[in-house]
Every structure is written in C-alpha cells, then in structure tokens.
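What's counted below: heavy atoms across the whole structure, side chains too, no hydrogens, waters or symmetry copies. Everything numeric in this text was worked out from a predicted model, so none of it was measured.
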Amino acid sequence: MGRWGTAALAALAVVATACSPGSAEPATSDEASTSTTHTPRITDDSGRPPVAFDPCYDIPDDVMNVAGYDAAKKEVADMPMGTYTFLGCAYDKRDHVPGLRRGYGLNILSGNVTLEEEHSKNAYVASPITINGRAGLREVGPSGNNECTYALQTEFGVVLFNRLYYTDTVEPAPESEWCSGMDQFVTSLEPYIPE
C-alpha cells in the first residue's frame with residue numbers, strides 16, 4: 001500500500017470513531033455517476049487538490065450491506081498528514097468458512113497522492129488494471145500475506161480499496177485467494193467515485 005497507506009491505516013486505527021448507521025442516503029444510478037459536491041472534511045497544507053470523495057459518506061450504506069459489509073459498524077477517521085490527506089473508512093465482513101477464513105477487513109482510503117506515486121511505492125507488487133474505463137493498479141500483498149489493494153485514479157488523486165483476508169488457520173491463504181472477488185466488488189463501487 002505504500003508509505004502513506006501504512007501511515008493512514010495506523011491513523012485510522014488510532015482515531016477511528018463510529019459512523020451513524022444511516023449516514024449515507026441510497027443513491028440512484030444517476031446520482032452514483034455524479035461528482036460529490038460537499039466540502040471536504042479536512043484539507044492539508046500541501047498544495048495538492050482537496051480530497052473530493054469521502055468513502056464513509058459517499059458510498060451508500062445499502063450498497064456496502066449488499067456486499068456483505070455491515071455499514072452500521074463502519075469506522076471513519078480524518079488523516080491530514082501535512083503533505084497529503086487521506087479520508088478513510090473501515091469495514092468488516094464476517095463470512096466465516098471453517099478451516100478457510102474468518103472473513104475480511106476492508107479499508108477504503110481516498111487520498112490526494114497520484115496513481116504514479118502509488119505505483120512508485122509498490123511497483124514490486126503492482127500491475128496495471130482498468131475498472132469501468134478508469135486507470136488503476138492491483139497490488140497483491142503490498143504489506144504482507146493475505147492482503148490485496150486496488151488503487152483507482154481520480155482527478156484529486158487515488159481511491160484505495162485495501163482488503164485483508166482473515167484466515168481460519170495459522171497458515172496464510174493461498175495467494176490466488178488474496179484478491180478473489182475484488183474485481184467485481186471494486187467494479188460495483190467505482191461509479192460512486194468522482195472522476
């Protein structure tokens with residue numbers, strides 16, 4: 001995930017607070033394809049563009065619930081880092097399969113670093129992808145076993161979908177499982193992200 005992703009996730013763990021369960025109204029298909037118009041919750045002093053997508057508020061709760069993530073338990077955190085900003089939202093999906101997995105942890109991070117910067121940090125695990133016509137990266141194991149990150153390009157920077165596979169054994173999951181289902185999942189959420 002890179003230097004900023006690790007710092008952002010650490011900050012998310014420290015300062016996370018619960019969102020209200022109904023914080024996002026369901027979007028129609030027309031609304032999903034339009035840019036957000038609210039003022040960003042936080043800005044930084046970097047001169048980088050403001051982060052124009054807030055994953056905890058701009059992805060409808062019902063969409064995340066349908067995907068198996070309990071939106072009533074999502075956690076939001078502000079992460080101004082001085083030279084860049086990330087808005088983050090953490091979710092859990094507890095679909096226990098005995099002997100295989102206990103579920104997934106998901107962090108969606110919206111930040112004002114470029115896709116090129118993200119690639120330069122994780123080039124050793126990154127491969128280019130396109131989701132609904134949008135340029136991105138698939139990073140398999142950027143911070144270790146059982147992890148998968150999708151990075152999608154935006155005008156303000158990137159949106160990162162970082163998923164951790166919670167194994168039900170002491171051994172890591174097969175690497176082929178780390179990103180299993182992520183193409184479909186990220187494709188379903190991409191329309192909510194502004195260009």
(request) Quick one: pull up CZ in Arg101 and NZ in Lys93 and give me the separation to the nearest 0.5 Å. (result) 7.0 Å
(message) Measuring from atom CG of Leu164 to atom CG of Asn146, what distance do you get when rounded to the nearest 0.5 angstrom?
(response) 6.0 Å
(message) Going by side-chain hydrogen bond (donor to acceptor under 3.5 Å, both in side chains), name the residues that satisfy it together with Asn132, two or more places apart in sequence or in a different chain.
(response) Glu190
(request) Grab the two heavy atoms, one from Thr167 and one from Ala173, that are nearest each other, plus how far apart they are. (result) CG2-N, 3.4 Å
(message) Under a 3.5 Å distance rule, please check whether Thr154 uses its side chain to pair with a backbone N or O of Gly157 as donor and acceptor.
(response) yes
(request) May I have the step-by-step check of side-chain contact (heavy atoms from CB on, under 4.5 Å) for Arg134 and Glu195, ending in yes or no? (result) CA-CA 9 Å; Arg134 187 189 298 260; Glu195 291 299 316; 3.8 Å; yes
(message) Go through it in stages, so that I can follow the logic: the residues are Val158 and Thr114, the test is side-chain contact (heavy atoms from CB on, under 4.5 Å), and I'd like the CA-CA distance, side-chain angles, deciding distance and then a yes or no.
(response) CA-CA 6 Å; Val158 295; Thr114 66; 5.8 Å; no
(request) Under the side-chain contact (heavy atoms from CB on, under 4.5 Å) rule, what do Glu118 and Leu160 come out as? Steps first, then yes or no, please. (result) CA-CA 10 Å; Glu118 176 66 16; Leu160 305 174; 4.0 Å; yes
(message) If you compare all heavy atoms of Val51 against all heavy atoms of Thr85, which two are closest, and at what distance to 0.1 Å?
(response) CG2-O, 3.7 Å
(message) Are the side chains of Leu109 and Leu87 in contact, using a 4.5 Å heavy-atom criterion?
(response) no
(message) Testing the basics here: between Ala67 and Phe185, what is the closest heavy-atom pair and its distance to 0.1 Å?
(response) CB-CE1, 3.7 Å
(request) Compare every heavy atom of Val140 with every heavy atom of Cys179, then report the nearest pair and how far apart it is. (result) SG-CG2, 3.8 Å
(request) Indicate the atoms forming the closest heavy-atom contact of Ile108 with Met64, along with that distance. (result) CD1-CE, 4.3 Å
(message) Check for me, please, whether Met182 and Ile193 land in the same ILVMFWY cluster - side-chain distances under 4.5 Å, paths through other members count.
(response) yes
(request) Write out all pairs satisfying salt bridge (Lys or Arg N to Asp or Glu O under 4.0 Å) with one or both partners inside residues 169-188, taking only residues at least two apart or from two chains. (result) Arg138-Asp183
(message) Within this structure, what is the NZ-CZ distance for the pair Lys73 and Arg94, rounded to the nearest 0.5 Å?
(response) 9.5 Å
(request) Enter the distance from Leu137:CG to Ser127:OG here, rounded to the nearest 0.5 Å. (result) 7.5 Å
(request) If the plane angle is over 60° it's perpendicular, under 30° parallel, otherwise tilted; pick one for Tyr69 and Tyr91. (result) perpendicular
(message) As an exercise, state the distance from CD1 of Ile59 to SG of Cys89, rounded to the nearest 0.5 Å.
(response) 7.5 Å
(message) Let's go through Lys74 and Asp61 carefully: what are the C-alpha distance in whole Å and the side-chain angles of both, what is the deciding distance for salt bridge (Lys or Arg N to Asp or Glu O under 4.0 Å) to 0.1 Å, and is it a yes or a no?
(response) CA-CA 9 Å; Lys74 67 185 176 183; Asp61 287 348; 2.5 Å; yes
(request) Grab the two heavy atoms, one from Cys56 and one from Gly88, that are nearest each other, plus how far apart they are. (result) SG-O, 4.1 Å
(message) To the closest 0.5 Å, what do you measure between CG (Asn112) and OG1 (Thr83)?
(response) 8.5 Å
(request) Scan residues 144-179 for pairs that pass ring pair (Phe, Tyr, Trp, His ring centres under 6.0 Å), counting only residues two or more places apart or in two chains. (result) Tyr104-Tyr165
